[in-house]
Number of protein chains: 2
Amino acid sequence: MNIYDISKLAGVSTATVSRVINGFDNVKPATREKVLSIIASQGYTPNAFARGLGLNSMKTIGIMCADSSDMYLAKAVYYIEGALRENGYHCILTCTGYERKSQRESMEMLMSQHVDCIILAGSIFIDKDNSNNKYIYKAADSVPIMLLNANLDHKNIYCISCDDSAAMEKATEFLIDNKRNNILYLYNSNSYSATRKLSGYRHAFEKKGLKCNEDYIRYFNGTSKDLEKVCGFVTELADKGLKFNGVVASEDFLAVGALKYAVRKGIKVPKDLEIIGYNNSVLTVCTEPELSSVDNQLETLCTNLVRICIGALSGESMPQKTVFNGELIHRSTSASSRKTK
Amino acid sequence: MNIYDISKLAGVSTATVSRVINGFDNVKPATREKVLSIIASQGYTPNAFARGLGLNSMKTIGIMCADSSDMYLAKAVYYIEGALRENGYHCILTCTGYERKSQRESMEMLMSQHVDCIILAGSIFIDKDNSNNKYIYKAADSVPIMLLNANLDHKNIYCISCDDSAAMEKATEFLIDNKRNNILYLYNSNSYSATRKLSGYRHAFEKKGLKCNEDYIRYFNGTSKDLEKVCGFVTELADKGLKFNGVVASEDFLAVGALKYAVRKGIKVPKDLEIIGYNNSVLTVCTEPELSSVDNQLETLCTNLVRICIGALSGESMPQKTVFNGELIHRSTSASSRKTK
DNA sequence: ATTTTTTTTGTAAGCGGTTACATTTTTTGT
DNA sequence: ACAAAAAATGTAACCGCTTACAAAAAAAAT
């Protein structure tokens, strides 16, 4: 059943059927009705390939992310997909893992699918020294690229991010103001936003006229699957003599690991140790006491990303960089003696 | 840049170029080399629409799930997408939410995209009384349908699931054997697998010759976002006088909520209350003590689903129903006095 | 009533591949 | 060296839709 069959049944040309399908207004109402009824009675749906061939667009957008099972990225994908669907777009999802090669391959795959736009959810894809981003620039020459929580300069690349630096600075500052003089910083990634977070941590000390002790900045090599190991990692740091009365982490699971350590050692939280995570994920409410965390407004980021994406695709002029602010959410692992909000 | 341009540059016909691209073996090595070098030098990629039009397949598979930000479904999508990509397939992801209407629309959308197969990840789509599944059967007439954790009879529908009933029975039985006489059952869904789990709970009592007290079966209306409410819900049950010394839940977050209640009330876990969750998600290791849970082998389910899917697409005869066993993972909320494994 | 303008409809040429079939080239057999 | 078989290549129709342009029909203007 194709457009030709429909046109025969309706006694009109394929052009007219096409016009009806695409909602053109230059069709006589009576004709439109007839065609529509035939289409409905035959249960006809246009062939998307043929349409794509003609229009060179299938209203499809590619989403790349390193790992869609990561809680944060899964949410990002969910919000993005939902917003795109509302705008009549379909999503091809591809998870690239954390290796550059597979990231490049994914992008090539999406390009060969002639997606209308590519969204990079998560900044793992970006080389900070810009050495290896050629394939992104190349793609950007033919299709707009949306970057979530990342940054790259190109006239066809749009960046939407949370000011992670400012947010982390706020969190750290909160602890400093609370007389926490030794604040452990845990992180597990060197992505763009992770780097920004770390610089926020450093800024906080600078701002207060304090010196940031590099010994308190610790890299943990693992993901949320390794939560138990995080606890061991922190315990080991403490056993080795590192004294700390505050923890800020670049991701919630790291903070949960630190909290585990505290609970097991019987350390009073937040009295003797304050802990602040990042992302404000479900994990924050699983623990007892519940974890304070920075909310980086993922939903807002995603809906705006899609808004800008749709705008750019329809030729409107859209802002190249869009930045939102994070928010510190106080629960039970940060001392609420001070104003919370 | 299209196949015609390449053929000109290489001094061969489009048919030959096409043969090279598709890896046919009836091309003279020298010719193949020349064509490949031209393709590489021009950075040419075939137009997927045109190819799709010709083959009536874009090597694309649709994945439907209610909510890809749900931790369990996010993992499912991740595993499925990865396995499909390894087999050269692309994935169109669509999240339907929990309403029938949007589910039907998603499916129609995928059909109009001429996907080669549709995967329903999660059984929310299935009406138990089979009253409203017509659209699924209709789709199955033209394309194979894969059901994860669900069940439907049709010659073109393949079902892959965990025997949730048996797994839940095992968990419940464990508690009964541990002299837990009042076991609260928490659930929040009426999907196929949720129903199966509940029947497993009931079977356990039957098997032991005990009567299952319906008063202990409680429905909580919410998702993991409402974790705090779960705790309130359980607290309220206790306050109303319901006595229980065991909890099994159809999802981990419900168990975490129950655990929260216990921790706050100072109830000793597992001594005075044993708790077992379901899905073996990250949540299980966030809590202190850590949560025992049933692992329903999601990765195995997904890789097998894809294996069967690929097989079916290439015309092989594949099993209509595939069932795996779940496994009870003991952590610190179940008494390990007995053998744990 | 005739001409002009506007609206509606039709014709046919793409879009960029695949592939059945025809043709040419190469290899093999005698 | 020549015929037969096999391998390599080319030709052109086809997939199902869109759309520029042409043509016909309807409406408006004279």
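Keep in mind it's a predicted model, so treat the numbers as computed, not measured. Only heavy atoms go into these numbers, but all of them, side chains included; no hydrogens, no water, no symmetry mates. Every chain is numbered from 1, with letters handed out A, B, ... down the list of sequences.
- Between N2(B) and dC15(C) there is no side-chain N or O to OP1 or OP2 distance below 4.0 Å.
- For T303(B) (side chain) and E299(B) (main-chain N/O), a donor-acceptor pair under 3.5 Å exists by modelled atom type.
- For Y158(B), there are no ring-ring contact (aromatic ring centres under 6.0 Å, His included) partners, not counting sequence neighbours.
- Between Y4(B) and dT11(D) there is no side-chain N or O to OP1 or OP2 distance below 4.0 Å.
- The separation between Y44(A) atom OH and dG16(D) atom P is 9 Å, rounded to whole Å.
- Nearest to the side-chain atoms of V27(B) among the listed nucleotides dT9(D), dT9(C), dG17(C) stands dT9(D).
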Atom pairs, N/O to N/O, protein against nucleotides 20-23 of chain D, distance under 3.5 Å?
none

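- Residues T96(B) and S102(B) have side chains that never bring a donor and an acceptor to within less than 3.5 angstrom of each other.
- N26(A) places its CG atom 12 Å from the P atom of dT19(D), with the value rounded to the nearest Å.
- With the nearest nucleotide of DNA chain D identified for both T14(A) and T14(B), T14(B) has the one nearer the 5' end.
- Regarding contacts with the backbone of dT18(D), a side-chain N or O of S18(A) is found under 4.0 angstrom from either OP1 or OP2.
- Spacing between atom CG of N47(A) and atom C1' of dC14(D) amounts to 13 Å, rounded to whole angstrom units.
- In this structure, F24(B) places its CZ atom 14 Å from P of dA8(D), rounding to the nearest Å.
- Counting any heavy atom pair closer than 4.0 Å across all strands shown, N56(B) reaches no nucleic acid atom.
- Among the atoms of the strands shown, only primed sugar atoms or phosphate atoms (P, OP1, OP2) are found under 4.0 Å from some heavy atom of V12(B).
- Note: CZ (R51(B)) to P (dT19(C)) measures 10 Å, nearest angstrom.
- Summarising the geometry, the separation between CG on D5(B) and P on dG14(C) is reported as 15 Å, rounded to the nearest angstrom.
- For the pair N22(A) (side chain) and F24(A) (backbone), a donor-acceptor distance under 3.5 Å is absent.
- Heavy-atom distances to DNA chain C give each of F49(B) and T16(B) a nearest nucleotide, and the one nearer the 5′ end belongs to F49(B).
- Pair assignment for dG29(C): dC2(D), on the basis of Watson-Crick or G-U wobble contacts that are both within less than 3.5 Å.
- Computed from coordinates, the N22(A) CG to dC17(D) C1' distance equals 9 Å when rounded to whole Å.
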Expected list for residues 133-146 of chain B: side-chain donor-acceptor pairs under 3.5 angstrom, two or more places apart:
from	atom 1	to	atom 2	distance (Å)
N133(B)	OD1	D127(B)	N	2.9
N133(B)	ND2	D127(B)	O	3.1
N133(B)	ND2	N130(B)	OD1	2.9
Y137(B)	OH	N130(B)	OD1	3.3
Y137(B)	OH	N130(B)	ND2	3.4
D141(B)	OD1	H154(B)	NE2	3.3
S142(B)	OG	A139(B)	O	3.3

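- Contacts with DNA chain D (heavy atom under 4.0 Å) in residues 28-36 of chain A: none are found.
- At least one side-chain heavy atom of I118(B) sits under 4.5 Å from a side-chain heavy atom of M111(B).
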Which pairs would a plain distance check flag for residues 76-83 of chain A, meaning a side-chain donor or acceptor within less than 3.5 Å of a matching protein atom at least two apart in sequence or in another chain?
from	atom 1	to	atom 2	distance (Å)
E81(A)	OE1	R85(A)	NE	3.4
E81(A)	OE1	R85(A)	NH2	3.0
E81(A)	OE1	C95(B)	N	3.3
E81(A)	OE2	R85(A)	NE	2.8
E81(A)	OE2	C95(B)	N	3.4

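- Computed from coordinates, the I39(B) CD1 to dG16(C) P distance equals 16 Å when rounded to whole Å.
- Contacts of T60(B) classified as side-chain hydrogen bond (donor to acceptor under 3.5 Å, both in side chains), with partners at least two apart in sequence or in another chain: none.
- When only modelled atom types and interatomic distance are considered, S161(B) and N149(B) share no side-chain donor-acceptor pair under 3.5 Å.
- Side-chain atoms of Y44(A) and N2(A) form no donor-acceptor pair, as typed in the model, at a separation below 3.5 Å.
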